[in-house]
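Lettering of chains follows the sequences in order, A, B, ..., and the numbering in each one begins at 1.
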Protein chains: 2
Amino acid sequence: MQVPRAAASRPLGKGEIPEATVARLPVYLRVLSALADSDVGTVSSEALAAAAGVGSAKLRKDLSHLGSYGTRGVGYDVEYLVYQISRALGLTQHYRVAIIGVGNLGHALANYAGFATRGFRIAALVDADPARVGEEIVGLEIRHLDELEVVIKEHEISIGVIATPAGAAQDVCDRLVACGVTSVLNFAPTVLAVPEAVDVRKVDLSIELQILAFHEQRKAAGIHAEPGAAVPDDVRSAGAAS
Amino acid sequence: MQVPRAAASRPLGKGEIPEATVARLPVYLRVLSALADSDVGTVSSEALAAAAGVGSAKLRKDLSHLGSYGTRGVGYDVEYLVYQISRALGLTQHYRVAIIGVGNLGHALANYAGFATRGFRIAALVDADPARVGEEIVGLEIRHLDELEVVIKEHEISIGVIATPAGAAQDVCDRLVACGVTSVLNFAPTVLAVPEAVDVRKVDLSIELQILAFHEQRKAAGIHAEPGAAVPDDVRSAGAAS
DNA sequence: AGCTCTTTGTGCATACGTTCACAAGCGTCG
DNA sequence: CGACGCTTGTGAACGTATGCACAAAGAGCT
């Protein structure tokens with residue numbers, strides 16, 4: 001995975017929720033919320049799994065890690081399950097988020113509505129460009145990067161979103177960490193180095209595209225030469241051999 | 001994982017590159033490109049791994065799936081490795097990308113420079129809002145959603161990027177797939193249903209935040225009650241029991 | 001040539017994740 | 001009240017991923 005698990009030594013302590021499950025819970029939560037809005041009272045694992053795009057067995061195992069909610073022969077109470085998943089994810093408390101870098105992407109993030117819905121509040125916007133400082137986006141004034149430390153403390157930020165150019169990302173990250181921020185969402189195309197105790201998740205458009213490209217190529221190759229014969233393995237010379 | 005592997009039955013056919021490896025190759029590629037720009041001739045697995053934020057053993061195993069490039073006692077030739085990874089990912093050919101939905105996020109994506117660098121060309125922008133149609137973003141005219149099919153064919157799009165509101169996503173996706181697009185990058189907060197042969201990758205801000213929230217909460221809990229004692233497991237009544 | 005030093009590539013052990021298949025549990029209907 | 005049908009929760013089997021540790025293999029020096 002990508003998040004360096006703090007103290008990952010023993011084989012999954014009993015009460016622990018596996019990382020893969022954690023990554024899926026938000027999906028379930030979203031589907032369940034939609035169901036709740038449609039006044040659906042209960043769902044079966046089968047139905048919920050279909051809506052979430054996973055197998056029903058996987059879904060049940062995932063939910064079983066939270067506890068034994070759900071009634072045999074009936075299914076899961078939608079509203080109750082929403083509550084339990086929220087609790088498991090720690091969404092019963094609210095988190096204040098700061099966005100560093102208010103360029104195109106930062107703007108988009110700040111305006112993203114679904115942001116605030118689930119317990120996250122954008123509490124601060126920071127940018128290095130003096131021309132942008134003072135601008136107001138979503139009822140929030142953009143502050144200058146120099147004030148980063150002050151802003152973080154002032155608003156008790158617990159999650160930092162880095163939407164700066166790649167060059168600035170590591171520096172910003174270091175400063176966030178120095179202020180005590182232990183969760184970072186990184187949109188800059190860089191690998192961030194952080195202490196063990198800090199969680200970093202990265203969202204990288206170009207990586208996603210490259211992964212798609214790989215599969216695209218594989219599919220295309222399959223059309224021309226289905227049988228196991230691999231692509232002719234190129235002689236060691238093409239393009240580079242300084 | 002999240003991409004339903006087409007024909008994932010046999011235990012990893014010999015020449016195949018594992019999904020986890022594919023997901024890391026773009027990272028190596030980026031680091032290597034930076035090294036190449038700094039006129040570095042060769043890297044050791046140790047150095048490269050450090051820069052990419054992974055263990056050196058993992059890196060070597062990843063690379064070993066592409067073939068046996070690299071020289072014992074020396075390391076890897078940077079330029080050559082760039083080429084090999086590019087080839088493995090299918091970046092030797094170029095992909096034409098269409099962005100559907102040119103709101104805040106779509107704008108950000110269209111302007112994202114690192115987009116074009118690695119063999120991807122934004123070939124079309126599409127939006128449903130007549131007010132936006134005709135606008136020009138990066139030397140590209142925004143076309144109307146009604147023309148989606150025409151645009152896709154016209155520009156031979158192979159990858160569709162969905163940046164629409166959640167409600168429109170599935171419909172747009174269906175239409176893309178109907179046009180023969182087999183790779184989709186979805187930014188809308190919805191689970192897309194697609195045929196087996198289509199790869200979908202999703203990028204979801206709110207999911208990432210929720211995952212961070214989970215870890216944040218776990219860290220906070222650890223401070224107050226380090227010993228294994230779990231959080232008091234709440235009685236089954238809070239908030240819902242219709 | 002032979003020796004040494006470095007670094008790759010990989011066999012092996014372990015942990016993690018997924019899937020199947022089924023017993024246990026709950027509601028319902030006769 | 002007992003039998004039946006449906007759905008959960010989970011044990012067990014399999015596949016995938018990770019990390020260690022080391023043999024094999026160049027490069028360079030004497």
Side-chain angles (χ1 to χ4, degrees), chain A residues 1-5 7-25 27-28 40-50 52-78 80-81 84 236 241, chain B residues 1-5 7-25 27-28 40-78 80-81 84 236 241-242:
Chain A
M1 274 293 93
Q2 133 191 200
V3 176
R5 190 112 59 97
S9 43
R10 57 217 179 280
L12 249 194
K14 195 167 78 73
E16 313 256 355
I17 301 175
E19 196 54 36
T21 294
V22 172
R24 281 185 296 263
L25 288 179
V27 178
Y28 304 153
V40 176
T42 59
V43 260
S44 66
S45 63
E46 201 72 44
L48 183 51
V54 301
S56 65
K58 184 142 69 178
L59 178 118
R60 286 199 300 276
K61 187 150 288 204
D62 282 343
L63 293 184
S64 79
H65 287 113
L66 314 190
S68 198
Y69 318 120
T71 317
R72 291 165 194 246
V74 178
Y76 300 91
D77 181 287
V78 173
Y80 182 59
L81 197 50
Q84 284 299 343
R236 176 152 182 166
Chain B
M1 272 299 89
Q2 133 193 200
V3 176
R5 189 112 60 96
S9 42
R10 58 219 179 279
L12 249 194
K14 194 167 77 72
E16 312 257 352
I17 301 175
E19 196 54 37
T21 294
V22 172
R24 282 185 296 263
L25 288 179
V27 179
Y28 304 153
V40 177
T42 60
V43 259
S44 67
S45 64
E46 201 72 46
L48 183 51
V54 302
S56 65
K58 183 142 70 179
L59 179 125
R60 285 199 300 276
K61 191 157 292 217
D62 283 343
L63 294 185
S64 78
H65 286 114
L66 314 192
S68 198
Y69 317 120
T71 316
R72 292 166 194 242
V74 177
Y76 299 90
D77 181 287
V78 173
Y80 183 59
L81 197 51
Q84 284 299 344
R236 174 151 182 165
S242 63

Report task. Determine whether any donor atom in the side chain of B:K61 lies under 3.5 Å from an acceptor atom in the base of D:dG19, or the reverse, and answer yes or no. Result -> yes
Report task. For A:D77 and A:Y69, test the side chains for any donor-to-acceptor distance below 3.5 angstrom and give the result as yes or no. Result -> no
Query raised in the report: Roughly, in whole Å, what's the span from CG in B:D62 to C1' in D:dT16?
Result: 13 Å
Requested in this report: Kindly say if A:K58 contacts the phosphate of C:dT19, meaning a side-chain N or O under 4.0 Å from OP1 or OP2.
Outcome: yes
**Report entry** Footprint string (nucleotides 22-30 of chain C, 5' to 3'): B base within contact, S backbone only, - free, heavy atoms under 4.0 Å
**Finding:** --BBBS---
Report task. Show your working on side chain to side chain contact (heavy atoms under 4.5 Å, CB included) between A:I17 and A:D62 and close with a plain yes or no. Result -> CA-CA 8 Å; A:I17 301 175; A:D62 282 343; over 6 Å; no
**Report entry** Selection from D:dT10, C:dT10, D:dA17 that lies nearest to any side-chain heavy atom of A:S64
**Finding:** D:dT10
**Report entry** Flag side-chain contact, heavy atom, 4.5 Å: A:H65 against A:E16
**Finding:** no
Report task. Tell me what B:G55 touches on the nucleic acid: a base, only sugar-phosphate, or nothing, going by heavy atoms under 4.0 Å. Result -> nothing
Query raised in the report: Has B:Y76 got a side-chain N or O lying under 4.0 Å from the OP1 or OP2 atom of C:dG9?
Result: yes
**Report entry** Which nucleotide in C:dG9, C:dT7, C:dC20 has an atom nearest any side-chain atom of B:S44
**Finding:** C:dT7
Query raised in the report: For B:L48 and C:dT6, what is the distance between atoms CG and C1' respectively, to the nearest whole Å?
Result: 17 Å
Requested in this report: Check whether any side-chain heavy atom of B:Y76 sits under 4.5 Å from a side-chain heavy atom of B:R60, and report yes or no.
Outcome: yes
Requested in this report: Please state whether the phosphate of D:dG9, meaning OP1 or OP2, lies under 4.0 angstrom from any side-chain nitrogen or oxygen of A:S68.
Outcome: yes
Query - Between D:dT16 (C1') and A:E19 (CD): distance, integer Å - result: 17 Å
Query raised in the report: Separation of B:L25 atom CG from D:dA17 atom C1', in whole Å?
Result: 15 Å
Report task. To the nearest Å, give me how far apart CG (B:D77) and P (C:dT7) are. Result -> 16 Å
**Report entry** Heavy-atom side-chain contact between A:L48 and A:V78 under 4.5 Å
**Finding:** no
Query raised in the report: Between A:T71 (side chain) and A:V74 (backbone), is there a donor-acceptor pair under 3.5 Å?
Result: no
